[in-house]
Enquirer: 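Below is the structure I would like to discuss, written out as structure tokens.
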Amino acid sequence: MASLASPLRLCRGILREIRAIKGLEYKQSLAYNYVLDQFRKNQITGERYCRAQEEALHASHSYLCLLTSTRQHMALYDMYHGKGQRDTEEMAGIVGLRLPTQPGGKGWEK
Amino acid sequence: MQVLNPTWIGKTCLLITLVTDTMLRNLVRLHSRVGHALSPPIVYPRSQALKLPLTLLSVNSKYYSIITERKKFYKDVSISHGEAGGMFEINLDQRKMKTPGGKLFTAPNEALAIAVANEWDTQKDTLKFYSMHMTTLCNTALDNPTFRSKDQIITAALKYLETDTICYRVEEPPTLVELQNNEWDPVLNWIEDRYNVVIGSSTNILGPEIPQATMDTFRQHLGSYNFWSMTGLEYVITQLKSVVLAFALIDKHITVEQAVLLSRLEEEFQIGHWGNVEWAHDVDLYELRARTAAGALFVHFSSESSTVKRKLMQD
């Protein structure tokens with residue numbers, strides 16, 4: 001199946017992502033405590049093939065994928081995405097014009 | 001979905017005319033940025049003077065707003081138990097979070113609440129609503145801005161089966177044909193076994209003939225999901241463009257990365273041949289992964305209930 005199937009690697013991966021997000025105080029974050037809690041709870045099971053454990057593993061794999069891919073997507077977005085539209089005053093200023101002023105206010109403004 | 005009012009555009013032509021063309025192009029770009037009929041989250045729809053000339057449209061619109069970014073206005077995110085039966089609420093700096101429709105934001109379980117809270121926690125300086133996929137899904141499930149019933153959602157989801165990616169095969173080049181057979185056939189066989197249906201693949205331009213019995217089986221199976229899970233599942237199907245892959249992912253047969261790879265199989269094949277373009281291919285890949293992962297997680301959290309049974313230690 002997937003290469004990250006081991007729970008230890010998944011747990012470490014998720015916690016690493018949380019640290020990348022939060023910085024120094026990552027241990028006090030909500031997600032950190034919850035994730036550790038969940039991993040500990042699902043560890044002990046009496047059965048050899050535990051369905052709930054497999055499901056929890058799949059869910060944590062999905063969450064790791066969510067965190068990593070959002071981070072990578074935002075990194076690429078910041079690098080490549082256009083800056084958007086400039087203010088109309090700036091835009092006029094580029095070609096050396098100024099916006100007209102209407103002392104009575106424009107028609108649709110209150 | 002909010003339709004662009006033509007008379008409004010006429011009024012703004014009173015501004016500099018050289019701005020108009022770029023404005024329309026940017027509006028289209030912003031619309032495609034939001035992507036689908038899910039609304040981005042707004043906490044308090046108060047009228048702020050935003051720098052973009054889209055202020056008039058965005059502030060006064062009922063549900064649909066084209067605000068894609070905002071300054072961060074809180075420091076701490078926390079969750080709390082709500083009053084009504086086990087629902088969780090999110091607090092931004094002591095204030096309760098609301099959906100874009102104005103309702104109080106409530107999550108049915110702690111895991112979902114923590115995932116959403118973490119998304120808000122991730123934001124720095126500016127809030128980027130287009131990166132908050134779990135929040136968007138929760139808002140859609142709570143507000144239901146398109147007023148659809150569960151049956152309508154199921155019908156919309158099953159429509160994708162007629163043009164399912166997995167079932168649409170090419171006839172040439174032979175390497176791609178082989179790749180499709182090797183990668184897609186196992187998933188197709190799995191779903192046919194698991195649900196006892198006949199789907200089949202086709203190289204025909206019209207796609208495979210899906211027998212009515214198959215549709216009925218799937219409809220009955222989808223009927224067993226609750227409204228929240230169905231919202232998430234339809235989202236995953238829409239992202240992956242395939243019912244078969246979505247089912248394989250939700251039934252935990254494949255991982256998110258595998259599902260995304262199978263969905264983009266031909267693209268990956270062409271990338272392998274012609275090369276990768278980072279600002280297009282990688283952006284698409286990560287965005288698809290993020291959205292699919294969010295959808296899968298959303299379905300998982302909405303349809304599970306967990307209890308802890310403690311066994312006594314006996315010697």
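Just so we're on the same page: letters track the sequence lines, and every chain starts at 1.
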Enquirer: Give, for atom CD of B:Glu119 and atom OG1 of A:Thr70, the distance between the pair rounded to the nearest 0.5 Å.
Expert: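 Output value for this atom pair is 7.5 Å.
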Enquirer: Can you confirm whether B:Val256 sits close enough to A:His61 that some side-chain heavy atom of one is under 4.5 Å from a side-chain heavy atom of the other?
Expert: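 No, every pair of side-chain atoms sits at 4.5 Å or beyond.
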Enquirer: Does a side-chain heavy-atom distance below 4.5 Å link A:Tyr63 with B:Asn118?
Expert: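 Yes, at least one pair of side-chain atoms sits under 4.5 Å.
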Enquirer: Could you pull out the closest heavy-atom pair between B:Leu297 and A:Ala59, with the gap in Å?
Expert: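 So the minimum-distance heavy-atom pair works out to CD1-O, 3.3 Å.
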Enquirer: Compare all side-chain heavy atoms of B:Ser131 with those of A:His73 and state whether any distance is below 4.5 angstrom.
Expert: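 B:Ser131 vs A:His73: side chains apart.
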Enquirer: Can you find a heavy atom in the side chain of A:Gln38 that is under 4.5 Å from one in the side chain of B:Ile114?
Expert: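 Counting from C-beta outward, A:Gln38 and B:Ile114 never come under 4.5 Å.
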Enquirer: Supply the atom-to-atom distance B:Thr122 OG1 to A:Arg71 CZ, rounded to the nearest 0.5 angstrom.
Expert: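 Spacing of OG1 (B:Thr122) from CZ (A:Arg71) equals 11.5 Å.
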Enquirer: List in chain and number order the residues that pass ring-ring contact (aromatic ring centres under 6.0 Å, His included) with B:Tyr286, two or more places apart in sequence or in another chain; answer none if no residue qualifies.
Expert: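 B:Tyr286 satisfies ring-ring contact (aromatic ring centres under 6.0 Å, His included) with no residue once adjacent residues are dropped.
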Enquirer: Is A:Asp78 close to B:Lys128 at the side-chain level, that is, under 4.5 Å between some pair of heavy atoms?
Expert: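 Yes; the side chains approach each other to less than 4.5 Å.
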Enquirer: For B:Ile254, is there any backbone N or O sitting under 3.5 Å from a side-chain donor or acceptor partner on A:His58?
Expert: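 Present.
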Enquirer: Say you draw a straight line from OG of A:Ser69 to CD of B:Glu287; how long is it, rounded to the nearest 0.5 Å?
Expert: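 Spacing of OG (A:Ser69) from CD (B:Glu287) equals 10.0 Å.
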Enquirer: Using a heavy-atom cutoff of under 4.5 Å, enumerate the residues of residues 21-31 of chain A that contact chain B, numbered in order, or state 'none'.
Expert: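 A:Ile21, A:Lys22, A:Leu30, A:Ala31, listed by number.
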